[in-house]
Amino acid sequence: MILGQFIILGGALFSLGVYGVLTRRNAVLVLLSVELMLAAVNINFVAFDIFARDATAGGQIFSLFIIAVGAAEVGIGLAIVLLIFRNRESANVDELDLMKL
Amino acid sequence: MNDWLTHPENWVFILIALPMLIAAWRSVTSRNVVHSVLFLVIALAASAALFLLLGAEFIAWSVVLVYIGAVIVLFLFGIMITRAPLGMETELSHSTQTKIGAALVAGALFALIAVTTIVGFGEQEIVANPTRTSEIGQSMFERFVIPFEVVSVVLLAALIGGIVLARRDPAAADDPTSRSLRAAPTANATAEGGDA
């Protein structure tokens, strides 16, 4: 195995996540695409950690932190989406234009 | 390239990576919300399989437990609760014009990442190195103990914040006028505000 194949895979997954964030209208699906990007970052972290043979396994521990922060982000994000849905009866990101003149 | 294909672990990599990319692509383009989440399960399971291939077992099972176990359930819960009561949302994605722009941005980003990292690290050999969970635990509670504590505070803040945000305010629920104001769509909020 070479390092390049993991980097390419991570980059492709991250780009797909960016595409999803930019094209999706539903707020829940935007959050889902962000999760895809976090998964791509995890792959890179672990691949570089195994490559570098870090004695403290820093890359793996940081991907654990990313998993924890990602879970917290989904919890808060969905609570905010829920609140918006309750107030505006829609989870469509295009309709959140309160700050538009 | 021929040499690369002779290693069996690279075949395993292809067997994991191809379904992963297809599932990720379907996950961001699918017209059905629930299918989109279920495709994300496939993509995350494939990333766990990649971690096993690299020998990072603890991370692999953490991904299975936290992402596939908990986060997916949260997503399904969010979809069930935010689905508009009258009729399904058929327009989940933006127009074709926006899609072309997004595809250009994503493609340019991929090209940038691929070119820079391949130039930097490209052909270097990576050998699977099984990491024991005890090593990760040792490192986490010695070298990384302060970030670990900070993450626990973040999780606590997320827990409290999630409850406070998602909970229906009991005072507002008891008071009929404020409830109708909160729940009313913006169009007739002004009319009801006039009554009150």
Side-chain angles (χ1 to χ4, degrees), chain A residues 1-9 11-20 22-26 28-29 32-33 35-36 39 42-43 46-47 49-51 53 56-58 60-61 63-65 67-72 74-76 78-83 85-92, chain B residues 9-10 13 17 21 24-25 28 36-37 40 44 47 50-51 54-56 59 62 66 70-71 74-75 78-79 81-82 91-94 98-99 102-103 105-106 109-110 113-114 117-118 121-126 129 131 135-136 139-140 143-144 147 151 154-155 158 161-162 165-166 182 185:
Chain A
M1 290 185 288
I2 57 172
L3 195 48
Q5 68 199 54
F6 291 95
I7 296 169
I8 294 283
L9 181 65
L13 212 57
F14 191 86
S15 308
L16 281 173
V18 169
Y19 177 78
L22 291 176
T23 54
R24 285 304 201 180
R25 265 203 181 119
N26 188 309
V28 177
L29 291 177
L32 189 144
S33 308
E35 287 305 310
L36 215 52
N42 270 346
I43 289 177
V46 173
D49 177 82
I50 298 292
F51 168 71
R53 295 189 171 265
T56 58
Q60 294 187 41
I61 284 174
S63 66
L64 275 181
F65 290 159
I67 291 170
V69 172
V74 169
I76 291 290
L78 282 178
I80 292 172
V81 171
L82 201 63
L83 206 62
F85 179 76
R86 204 180 281 157
N87 284 327
R88 312 210 47 166
E89 311 242 314
S90 159
N92 187 335
Chain B
E9 53 189 12
N10 290 333
F13 177 85
L21 286 177
W25 169 247
V28 295
S36 190
V37 176
L40 183 71
L44 291 173
S47 84
L50 274 186
F51 296 155
L54 282 169
I59 312 295
S62 300
V66 177
V71 170
L74 261 182
F75 271 124
I79 284 166
I81 229 164
T82 56
E91 288 284 304
L92 281 175
S93 298
H94 281 110
T98 322
K99 275 184 185 165
V105 171
L109 186 69
F110 174 66
I113 294 174
T117 48
I118 288 302
F121 302 98
E123 297 283 309
Q124 303 200 49
E125 196 72 18
I126 174 171
N129 175 27
T131 318
E135 291 170 23
I136 290 184
S139 169
M140 182 173 275
R143 177 78 180 78
F144 294 102
V151 164
V154 166
L155 281 175
L165 284 177
R182 276 185 67 138

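Excluded from the calculations below are hydrogen atoms, water molecules and symmetry mates; all remaining heavy atoms, backbone and side chain alike, are included. Every chain is numbered from 1 and lettered A, B, ... according to where its sequence line falls, protein lines coming before strand lines.
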Exercise. Work out which heavy atom in A:Leu16 is nearest to a heavy atom in B:Ala24; give both atom names and the distance.
Key: CD1-CB, 3.6 Å
Practice problem: Applying ring-ring contact (aromatic ring centres under 6.0 Å, His included), name anything that partners A:Phe14, two or more places apart in sequence or on another chain. | Solution: none
Quiz item: Top residue by heavy-atom pair count (under 4.5 Å) with chain B, among A:Val74, A:Ile61, A:Val18?
Solution: A:Ile61
Quiz item: Of the backbone (N, CA, C, O) and the side chain (C-beta and beyond), which part of A:Ser63 lies under 4.5 Å from a heavy atom of chain B, both, or neither?
Solution: side chain
Exercise. Pick whichever of B:Thr98, B:Val71, B:Ile79 has the most heavy-atom pairs under 4.5 Å with chain A.
Key: B:Val71
Quiz item: Between A:Ile50, A:Leu13, A:Leu78, A:Val81, which residue shows the highest count of heavy-atom pairs closer than 4.5 Å to chain B?
Solution: A:Ile50
Quiz item: Where do B:Gly162 and A:Ile76 come nearest, in terms of heavy atoms and distance?
Solution: N-CD1, 3.5 Å
Practice problem: State the CZ-CG distance between A:Phe51 and B:Asn129, to the nearest 0.5 angstrom. | Solution: 12.5 Å
Quiz item: What are the two closest non-hydrogen atoms of A:Tyr19 and B:Ala106, and how far apart are they?
Solution: CB-CB, 3.9 Å
Self-check item: A:Ala47 to A:Phe6 - nearest heavy-atom pair and separation
Solution: CB-CB, 3.7 Å
Quiz item: Which residue out of B:Ile113, B:Val37, B:Leu165 racks up the most heavy-atom pairs below 4.5 Å with chain A?
Solution: B:Leu165
Practice problem: Counting only heavy atoms closer than 4.5 Å, note whether B:Leu40 contacts chain A via side chain, backbone, both or neither. | Solution: side chain
Exercise. Identify which of A:Ser15, A:Gly4, A:Gly70 forms the greatest number of heavy-atom pairs closer than 4.5 Å to chain B.
Key: A:Ser15
Practice problem: Name the region of B:Glu135, side chain, backbone, both or neither, that has any atom closer than 4.5 Å to a heavy atom of chain A. | Solution: neither
Quiz item: Which one of A:Leu9, A:Leu32, A:Val46 has the most heavy-atom pairs closer than 4.5 Å to chain B?
Solution: A:Leu32
Quiz prompt | Heavy-atom contact with chain B under 4.5 Å, split by part of A:Ile43 | solution = both
Quiz item: In Å and rounded to the nearest 0.5 Å, what is the CD to CG distance from B:Gln124 to A:Leu3?
Solution: 6.5 Å
Quiz item: Partners of B:Phe144 by ring-ring contact (aromatic ring centres under 6.0 Å, His included), sequence neighbours excluded?
Solution: A:Phe62
Quiz prompt | Interatomic spacing from OG in B:Ser36 to CZ in A:Arg24 - rounded to 0.5 Å | solution = 4.5 Å
Quiz item: What residue in A:Ile67, A:Leu82, A:Val69 has the most heavy-atom pairs under 4.5 Å with chain B?
Solution: A:Ile67
Quiz item: Relative to chain A, which segment of B:Ile118 carries a heavy atom at a distance below 4.5 Å: side chain, backbone, both, or neither?
Solution: side chain
Quiz item: With a 4.5 angstrom heavy-atom cut-off, which part of B:Ala56 approaches chain A: side chain, backbone, both or neither?
Solution: both
Quiz prompt | Selection from B:Leu44, B:Leu21, B:Val154 maximising heavy-atom pairs under 4.5 Å formed with chain A | solution = B:Leu21
